[in-house]
Student: 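Dumping the structure here so I can ask a few things about it.
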Amino acid sequence: MFKLTLKSLLARKIRLALTTFAVVLGVSFVSGSFILADSLRSVFDKIAIEIAGPNWLQVRGVETIEDDSFSRPPVTQSVVDQIRSTEGVYDAEGVIQGFPRISVGDELVKPLGGAPTLAFNFDQQRAELSGFETLEGSAPGDSEAMVDIDTANKYDISVGDTITIRSLQPAEDFQVSGITRWGEDNGGGAVFVLVNTATAQRLFDYPDSYLAVTVAAMPGVDESELADKLTRELPDGFEAVTSDVVAGEFSDEFDTFITIFQTALLVFAAVALVVSAFIINNTFAIVLGQRVRELGLLRAVGATGRQIRSSVLIEALLIGVIASVVGVFAGLGITWVIKAIIEQAGDGSGLPDGPLVIAARTWIAASVVGIGITLIAAISPARKAASIPPIAALRDGVALWSGGGRRRTVIGLLLGAGGVVATILGTTTDSGAGRQLTLLAAGALLLFVSISLLSTLVARPAAKVLGWPVTRFARASGNLATQNASRNPRRTASTASALMVGLALVAMVLVVGTSFKKTFSSTLDSSLGADFFVDTEGNSSWGFSPQLVDEMNQIDGVAIAVGFRGGPGTAQMTVAGESKDVIGTQEEGLGRVIDISLIEGTYSGLANSGVLVHKDPAEDLSLAVGETVSATFPVSGPRELRVVGIFDDGSTLGNWVIDMTTYEDGFDPARQSDLFAAIELEEGSEVDEVRPRLDAVAINYPEATLQDRTEYKETIEGEIDTLLVTVNALVGFAVIIAVLGIVNTLMLSVFERTKEIGLLRAVGMTRRQTRRMIRWEAVIIAVFGGVLGILVGILLGFIAVQAMPESFITDFGIPLGNFVVILIMCIVAGVLAAILPARRAARLNVLDAIAHS
Amino acid sequence: MTTATSTSIAARAVKASKVYGSGDTTVRALDELSVDLASGELTAIMGPSGSGKSTLMHCLAGLDNLSSGKVYIGDTDISELSERALTLLRRDRIGFVFQAFNLVPTLSAEENINLPRQLGASTPPESWVKKVVQAVGLSDRLQHRPSELSGGQQQRVAVARALAGQPEIIFADEPTGNLDSKTGGEILQFMQEAVRDLDQTIVMVTHDPSAAAHADRVVFLADGRIVQELITPSADLILDTMKRLGD
Ligand SMILES: Nc1ncnc2c1ncn2[C@@H]1O[C@H](COP(=O)(O)OP(=O)(O)OP(=O)(O)O)[C@@H](O)[C@H]1O
Ligand SMILES: [Mg+2]
């Protein structure tokens, strides 16, 4: 039986290749995700190893908020002195780390792929404790700085040039005294700039203190023992750890980041796999359908149904194995594509470079996924094949898929109902993000399968409707194409469904994006009253200097400029044991530049240890105006805040708003840059008239972008669009696989209809007409898939928008223009998918085709 | 050939050779065969299996090319034609009826009959198509798909399609080979009428002497050559000739 399976596989090389290719694409995305994540990890692991390097220790303040590394109090000079005089310590050096923005002329220096720009203190004395090596020039004196070699090369900086460093202080110019390198290869994509200790303390607000202390042990002294000893002897609130611990913390941090990144990629990979599964299933069904007679003959000569089934499954297994191996290597290519997509989205700053790593788990994941998905997709065709009666050998036209129409419908409806229930549960219940996402994914999958089953019912009328315009302008070929597309509704529906899955997700993303844009637009109109906005350039989470707002406030014609700090991912305080995103600003601008719709209370009093709370958390914690709430901040620790107002609109400032003074006390220097600013002009001042004056200030802050209302709107919409394009480019893999599915189906159909095509050619169908016939069939299938996809996408998008928090999306919008584009692209995809099958059909030798059995 | 010049020639083969394979396995399916087929006649082609009948039909109908020699449809030398011109020639000037599988399964009987016109052939008058449909007795079956028609009905649809286009010549390769003698007889009857009443030219391959007896002329092939010709022979004479040639 195995030999027979192999023979039948080899006899159908093209079909085999096409099926395998569909699996390969799905698998390659999975392996690509793993390869990319592992490669990134290897870059950071290397950095971690360098950090651990020759053994050293770190002394630092103990976190006042758990897992918030920014909540470590600074180390004072006296502690450093105490460490130096401790027995067993060879030497110690205080470390200051800052997050400045660097510019050369008026060009901002941008790190790679979300890496930070880091400033450290560096002195000739104790240089060996720093991890930095001087490649050229010398250590910085006052008003001097060193930059890392990669940045120097990229921005063409040499010793003697001037760079500008922006910190919390006014921008300052520094002369480049030398070029440096961190560790062996400056890894990770960060920009490094080194200044002397006194300068660093001044720029980054560490008066006579340090972020941490690097300690070298005497030769022969055991590091962990020394760490224990230091922890014991130093004042309370300080701890000493070995370099391994530091390296471990570093790895963990990046591991979290890489894991999130990888998970996101795997979600897209999963989509691609679902589509592959549809296609494999369809291909097996068609191929087996064409082999009914052959299989019937096997049954007639004594093969059992079981043997037939195993032969089909073995075939699937072989395809799965081949596809998995090929898929892993194709994954190498995919990483390149994904990198390019991300680089495109990140405005030129991509992922750090490094060698590509194929880890053992990549092989395992690829095999499990490749073989598994192929087998699962082959199960139902295999069972059908096993039930072919021996009589099929003798009769023509025993349909493999006859009957079961009602069962299909019932199963489809049941699955659809299940899908809707799961989706609704996923969006309404509050059972944790992980479970909700699982429910949503399962719901979407059930919906997809259900629609693919049910679409069989509408495939025939849909093909007729879609074919109607085609018949208008390509009479015979159009008519035949329509007939062909509707003659086997199951096949048309399955092929279109594969496309539907990918396009549904694209459409959903577009619906959510459009709704988001609409929401933003109405927020801008209703709650952002300012005339100008300042955003951080390149969306860095390291913002711009507070000096900017001060300077803006001096400008003639400006009524008020307000800065905002903190927010999601930047600043959290702890309230009732949970960490909450918090934003710092000033009461003066609220209600004017930004309206957050106060329900109760006032803005005034914010400066006096006040807090504004959104109505939802206020209700959850039963807070009323005038009551106090205790919040814990990383630096200032616990603090009582008085609720001065409760507001309705959380879309701009989130749920918790505090005064800038409270914020400044509460958070460390690294988080004291503004992330956003809003500027309102005086009554009577013209936007055009004040603009040049604002620009004159803004030009000194390349890390900030000044925009008027229209520009700001365009920027935000542009950012949303970039995100949409990125997401859709990744979903695009699934769409490509689906288009391949159309090629597959058409190839098989052409093969199946060889005789018929020969006949048509004999009675006078030209090659061009033949090609056209196949092409229109492809277009009808593709557009059918597109229409289904858009409809399902609107449904999913609607559910998604309902599920999103109100602070995020309130309006619902349908991007009609985009949908038209999708349908046009479906037509193009159909035309492309038909190229190969159409050529094959047109090239058939008429007589051979007629003689074909 | 010395056919009277008064009757025009619908199709002609001149020293037509068709060789399959090469070296040891060479088969001469047609061996320098020349024949003129007169307009308005029903010609029957007979001969033992493998004698080249189908090959001759295919080459005459522009479905296959000769290895050497020439084929004319009317005055057109079809060996000179491009693939596309040949296709259009088949569509506009030739009709073809195969032994089986003549119809596109997704199209109704009527659509199958109209297929050449759908494909762009110039439209014969509607009345003519009606007449043909009526003649083949299919008026009440027009909307049926081939799978809903009997074998005989299917062949009649095929003949109707060939006739509907008013081609210069119709080639039929064992059109009744798959049918019982009664149904086959009806089809033959019908083809004979088409020649007599509608002035159609038909060339037909058959193994059945009684079928060939309907013909104006019977041409016998053996080993790719014409070995005998009979003009309006009786079935008995045909049978005798077959026996003689078979020995
Ligand atoms: N495609 C081909 N390749 C090789 N040889 C062929 C091919 N087609 C036909 N032949 C050979 O050419 C010769 C003539 O075949 P043809 O089909 O014309 O015979 P026929 O007279 O129609 O026979 P039958 O009465 O059985 O239909 C035969 O010997 C056949 O084997
Ligand atoms: Mg023959």
Side-chain angles (χ1 to χ4, degrees), chain A residues 395-399 402 460 463-464 467 470-489 491-492 749 752-773 776-777 780 842-853, chain B residues 18 20 29 54-55 57-59 61-65 82-108 110-123 145-148 151 154 157-158 161-162 164-165 167 170-171 173:
Chain A
R395 271 209 313 249
D396 230 354
V398 171
S402 66
R460 187 167 279 159
K464 290 261 154 71
V470 179
T471 327
R472 292 283 93 182
F473 66 94
R475 283 187 18 218
S477 349
N479 187 23
L480 284 164
T482 310
Q483 302 287 2
N484 287 339
S486 58
R487 79 158 81 173
N488 194 334
R491 184 181 300 181
T492 300
S749 296
E752 189 176 271
R753 295 177 204 150
T754 301
K755 214 168 168 165
E756 182 181 325
I757 293 167
L759 174 70
L760 285 165
R761 298 271 292 120
V763 299
M765 177 176 258
T766 61
R767 285 194 165 152
R768 179 193 288 198
Q769 285 173 319
T770 313
R771 280 195 297 267
R772 219 185 263 166
M773 173 180 75
W776 285 121
E777 181 179 353
I780 290 171
R843 291 225 176 131
L844 283 175
N845 177 294
V846 180
L847 281 178
D848 290 350
I850 291 174
H852 185 93
S853 57
Chain B
K18 179 72 183 179
Y20 286 114
S54 293
T55 308
M57 299 288 270
H58 293 155
C59 291
L63 289 168
D64 207 351
N65 335 322
S82 69
E83 211 286 325
R84 181 178 158 76
L86 207 54
T87 305
L88 297 182
L89 175 107
R90 283 201 302 271
R91 188 187 75 190
D92 298 337
R93 297 170 62 186
I94 293 177
F96 211 103
V97 181
F98 299 99
Q99 184 171 352
F101 197 79
N102 273 295
L103 307 180
V104 179
T106 47
L107 301 181
S108 67
E110 185 176 28
E111 286 170 322
N112 264 292
I113 291 172
N114 282 326
L115 194 54
R117 291 203 296 155
Q118 283 268 316
L119 290 169
S122 57
T123 324
R145 294 272 172 102
S147 58
E148 298 158 346
Q154 290 185 24
V157 174
R161 177 179 62 212
I170 294 175
F171 297 99
D173 193 352

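Because only heavy atoms are used, hydrogens play no part in the values below, and waters and symmetry mates are left out as well, while side chains stay in. First the proteins, then the strands, lettered A, B, ... as listed; each starts at 1.
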Student: Roughly how far, to the nearest 0.5 Å, is CZ of B:Arg91 from CD of A:Gln769?
Tutor: 6.0 Å

Student: side-chain contact (heavy atoms from CB on, under 4.5 Å), that's the test. Do B:Leu107 and A:Leu480 meet it? Break it down for me.
Tutor: CA-CA 8 Å; B:Leu107 301 181; A:Leu480 284 164; 3.6 Å; yes

Student: Please test A:Gln483 against B:Val104 for side-chain contact (heavy atoms from CB on, under 4.5 Å), starting from the C-alpha separation and ending with a verdict.
Tutor: CA-CA 10 Å; A:Gln483 302 287 2; B:Val104 179; over 6 Å; no

Student: At a 4.5 Å cut-off on heavy atoms, which part of B:Leu63 comes close to chain A: side chain, backbone, both, or neither?
Tutor: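 Looking at B:Leu63, backbone and side chain both touch chain A.
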
Student: Please look at A:Val846 and chain B and tell me whether the side chain, the backbone, both or neither of the residue comes under 4.5 angstrom of a heavy atom of that chain.
Tutor: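 When you check distances to chain B, only side chain atoms of A:Val846 fall under 4.5 Å.
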
Student: To the nearest 0.5 Å, what is the distance between CG (B:Leu115) and CG (A:Asn479)?
Tutor: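 B:Leu115 atom CG to A:Asn479 atom CG measures 9.0 Å (nearest 0.5 Å).
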
Student: Can you tell which part of B:Arg145 gets under 4.5 Å to a heavy atom of chain A, answering side chain, backbone, both or neither?
Tutor: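 For B:Arg145, side-chain heavy atoms alone lie under 4.5 Å from chain A.
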
Student: Looking at B:Glu83, B:Arg161, B:Glu111, B:His58, which has the largest count of heavy-atom pairs under 4.5 Å with chain A?
Tutor: B:Glu83

Student: With no hydrogens and no angle check, is any side-chain donor or acceptor of B:Arg90 less than 3.5 Å from a backbone partner on A:Arg761?
Tutor: yes

Student: Using heavy-atom distances under 4.5 Å, tell me whether B:Leu103 contacts chain A through its side chain, its backbone, both, or neither.
Tutor: backbone

Student: To the closest 0.5 Å, what do you measure between OG1 (B:Thr87) and CG (A:Leu760)?
Tutor: 12.0 Å

Student: If you count heavy-atom pairs under 4.5 Å with chain B, which of A:Gly758, A:Ser477, A:Gly764 comes out on top?
Tutor: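 Highest number of pairs under 4.5 Å: A:Gly764.
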
Student: Among A:Thr766, A:Asn484, A:Asn845, A:Leu759, who wins on heavy-atom pairs under 4.5 Å with chain B?
Tutor: A:Leu759

